[in-house]
Amino acid sequence: MLDIKFVRANPALVQEALDKRGAKISLDDFLAMDQKRRAILVEVEGLKAERNRVSQEIARLKKAKEDAENLVVEMRAVGDRIKVLDEELAAIEGEMENVLYYIPNIPHASVPVGVSEADNPVVRTWGTPKPMDFTPKPHWDLGESLDILDFQRGAKITGARFTIYKGLGARLERSIINLMLNTHTDRGYREILPPFIVNRQSMMGTGQLPKFAEDMFGISGTEYFLIPTAEVPVTNMYGSEILDGDQLPIHHCAYSACFRAEAGAAGRDTRGLIRQHQFNKVELVKFTKPEDSYAELEKLTADAEHILQLLELPYRVITLCTGDMGFSSAKTYDIEVWLPSFETYREISSCSNFEDFQARRAGIRYRSNPKAKPEFVHTLNGSGLAIGRTVAAVLENYQQADGSVIVPEALRPYMGVDVIRPE
RNA sequence: GGAGAGAUGGCCGAGUAGGUCGAAGGCGGUCGCCUGCUAAGCGAUUACACGGGCUUAAACUCGUGUCGCGGGUUCGAAUCCCGCUCUCUCCGCCA
């Protein structure tokens with residue numbers, strides 16, 4: 001959510017930012033509502049001030065056993081008028097809030113202007129795909145022939161885009177989770193295991209709601225939602241709090257299952273682990289002072305990359321252009337891992353600086369010193385990494401001509417085996 | 001799930017036969033004083049949001065709102081009424 005004072009003071013700048021994003025929102029109506037709101041506020045507050053003053057006068061008169069009936073009658077009328085104005089005010093504030101909640105973040109000045117993923121520049125590339133003297137199989141074929149992934153039965157017990165991991169497949173998923181959590185905690189992130197279900201307010205806080213309700217799994221009969229990412233519970237942990245400046249930066253890592261309805265994505269990546277309604281992810285979340293957030297974004301991205309380096313998986317980093325960025329983000333790097341069967345790089349992590357966009361929605365503030373006024377923190381997060389896609393990348397990049405898969409060095413202590421063969 | 005108790009400022013804790021209470025007192029914090037150092041002591045100060053005025057801005061100042069959340073009664077609500085949420089205790093159930 002943007003600062004209404006900032007919007008008021010810089011309407012042209014905000015409008016330009018919205019246009020660059022391709023957001024079809026006009027601020028004119030909003031600014032007109034803002035003006036009306038303040039006019040009503042001035043009137044109603046004046047009336048309330050009068051009522052407060054006269055009410056004290058009534059108290060004084062009654063104590064002195066004098067007649068106050070005239071004033072009471074007068075204030076009754078004032079009270080009626082206040083009630084009417086308060087209702088008008090609530091209506092207009094509701095409308096404004098509704099607009100404000102649907103306005104995306106303003107892109108950082110360093111974000112390239114563009115309309116689609118085709119305009120995302122590559123920042124750097126790490127590693128080179130291993131040459132293969134055979135045709136690489138897609139991970140779903142490998143998973144099925146090794147009997148470690150079961151898409152058929154996953155669909156039977158739940159539905160499409162739900163997968164069962166078996167044997168060393170389950171072990172691989174768990175090993176990757178542990179490798180990531182151990183690595184990140186060693187590098188200064190405090191581990192969190194959050195609830196996988198959150199309330200509506202948390203979903204508002206990080207920006208999934210109200211705009212993207214159709215992408216979420218809500219729990220019928222309740223106001224609860226399955227989390228689409230650990231970002232939601234972990235970021236909202238400090239909602240409505242004022243932190244001490246010396247607590248910052250806060251670095252958290254968190255494993256969670258993630259649940260996404262992604263109604264609009266049907267038809268893409270229908271096979272394999274790439275696009276599931278339920279997947280596992282280790283998330284990195286940071287709370288920083290505003291002046292540090294962009295340096296922290298670089299470090300966070302590097303921490304996510306570090307996992308791919310440990311696994312020796314080739315990847316590249318791209319900057320999302322203005323037209324391709326997520327709703328809440330001010331700047332996003334995507335990390336894309338090489339998938340041989342796709343003959344391309346696919347997203348495995350998304351690292352974003354939200355600046356104060358989420359902090360304002362969720363009410364996460366800090367004091368730079370004990371006497372300072374509270375300011376909004378900056379929040380950042382990134383996948384560190386998506387587990388299912390990492391499994392896919394490991395299977396595909398480490399496959400051999402005979403259909404077996406070599407276990408990457410870094411995972412062997414967790415896996416207990418060097419090679420995955422049909423059992 | 002059933003029964004009961006509770007929710008006040010950073011923390012503890014007063015305040016309910018409605019009236020000058022944003023809220024006593026204590027602790028903690030900050031600033032100043034004092035003091036070989038430390039400890040102790042003395043004084044002052046110490047919520048947040050929104051809006052008006054002033055201003056480049058801040059500071060300042062005025063006002064409004066906030067005593068879990070939302071609504072109601074009333075000239076006036078921390079105090080009365082209704083709904084909700086959360087916490088605690090006991091019972092039941094349960095991994």
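Every heavy atom of this structure was used, including side-chain atoms; hydrogens, water molecules and symmetry mates were not. None of these values were measured; they are calculated from a predicted model. Just so we're on the same page: letters track the sequence lines, and every chain starts at 1.
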Could you tell me how far [M] sits from [N] if I compare only their [atom1] atoms? Round to whole Å.
N     : M     : atom1 : value
B:C54 : B:G43 : P     : 41 Å
B:A23 : B:C62 : P     : 14 Å
B:C11 : B:A24 : P     : 16 Å
B:C69 : B:A7  : P     : 13 Å
B:G18 : B:C33 : C1'   : 45 Å
B:G19 : B:C80 : C1'   : 14 Å
B:C37 : B:A49 : C1'   : 45 Å
B:C67 : B:C48 : C1'   : 13 Å

Look at A:Arg365 together with A:Glu375 and state whether they make a salt bridge at an N to O cut-off of under 4.0 Å.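 Looking at A:Arg365 and A:Glu375, the cut-off is not met.
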
Give, for atom CD of A:Glu283 and atom OG of A:Ser349, the distance between the pair rounded to the nearest 0.5 Å.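 Rounded to the nearest 0.5 Å, the CD-OG separation comes out at 7.5 Å.
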
Contact residues, [range] to RNA chain B [heavy atom, < 4.0 Å]:
range                       : value
residues 53-61 of chain A   : A:Ser55, A:Ile58, A:Ala59
residues 65-82 of chain A   : A:Val72, A:Met75, A:Arg76
residues 5-13 of chain A    : A:Lys5, A:Arg8
residues 192-205 of chain A : none

Any donor-acceptor pair under 3.5 Å from [X] side chain to [Y] backbone:
X        : Y        : answer
A:Asp150 : A:Arg153 : yes
A:Arg161 : A:Leu273 : no
A:Arg260 : A:Phe279 : no
A:Asn236 : A:Pro233 : no
A:Glu231 : A:Ile227 : no

Given RNA chain B, 5'-ward residue of the pair A:Leu41 and A:Gly46, judged by closest heavy atom: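 Its nearest nucleotide lies further toward 5', so the answer is A:Leu41.
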
Please figure out whether A:Tyr224 or A:Arg37 has its closest RNA chain B nucleotide nearer the 5' end.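 First, find each residue's nearest nucleotide; the 5'-ward one identifies A:Arg37.
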
Over all atoms of both residues, closest heavy-atom pair of A:Leu300 and A:Tyr189: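 In this case the closest contact between A:Leu300 and A:Tyr189 is CA-OH, 3.9 Å.
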
Which heavy-atom pair separates A:Gly188 from A:His251 by the least distance, and what is that distance?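 Nearest pair, atom of A:Gly188 first, then A:His251: O-CB, 3.7 Å.
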
Tell me which pairs pass side chain to side chain donor-acceptor pair (under 3.5 Å) where either residue lies in residues 72-84 of chain A, with sequence neighbours left out.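 Listed by first then second residue: A:Glu43-A:Arg81.
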
A:Gln358 and A:Thr206 side chains, donor-acceptor separation under 3.5 Å: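 Per modelled atom types, A:Thr206 and A:Gln358 side chains form no pair under 3.5 Å.
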
Going by atom types alone, do A:Glu355 and A:Ser293 pair a side-chain donor with an acceptor below 3.5 Å?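 There is no such pair between these side chains.
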
Partners meeting side chain to side chain donor-acceptor pair (under 3.5 Å) with [X] (sequence neighbours left out):
X        : value
A:Asn397 : none
A:Asn10  : none
A:Glu45  : none

As a quick check of understanding, evaluate ring pair (Phe, Tyr, Trp, His ring centres under 6.0 Å) for A:Tyr294 and A:His378, giving each step before the final call. CA-CA 10 Å; A:Tyr294 279 94; A:His378 280 194; 7.3 Å; no

Could I get the full list of side-chain contact (heavy atoms from CB on, under 4.5 Å) partners for A:Ile219, not counting sequence neighbours?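 For A:Ile219 the side-chain contact (heavy atoms from CB on, under 4.5 Å) partners, ignoring immediate neighbours, are A:Ile197, A:Thr222, A:Tyr224, A:Leu226.
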
How are the rings of A:Phe342 and A:His139 set to each other: parallel, tilted or perpendicular (split at 30° and 60°)?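 Rings of A:Phe342 and A:His139: parallel, as their planes differ by under 30°.
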
Heavy-atom contact window of chain A on RNA chain B, given 5' to 3' at under 4.0 Å: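 Contact boundaries, 5' end first: B:G19 to B:G76.
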
At under 4.0 Å between heavy atoms, what does A:Asn52 touch on the DNA or RNA strands: base, sugar-phosphate, or nothing?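 Answer is sugar-phosphate: A:Asn52 comes under 4.0 Å of backbone atoms only.
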
Applying salt bridge (charged side-chain N to carboxylate O under 4.0 Å, His left out), can you list everything that pairs with A:Asp86, at least two apart in sequence or on another chain?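 Residues passing salt bridge (charged side-chain N to carboxylate O under 4.0 Å, His left out) with A:Asp86: A:Lys48.
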
How does RNA chain B look in dot-bracket form if you count Watson-Crick and G-U pairs under 3.5 Å, write [ ] for pairs that cross, and put | where a base pairs with another strand? ((((((((.[[[..)...(.....]]]((((((.......))))))(((((((......))))))).[[[[[..)....]]]]])))))))....

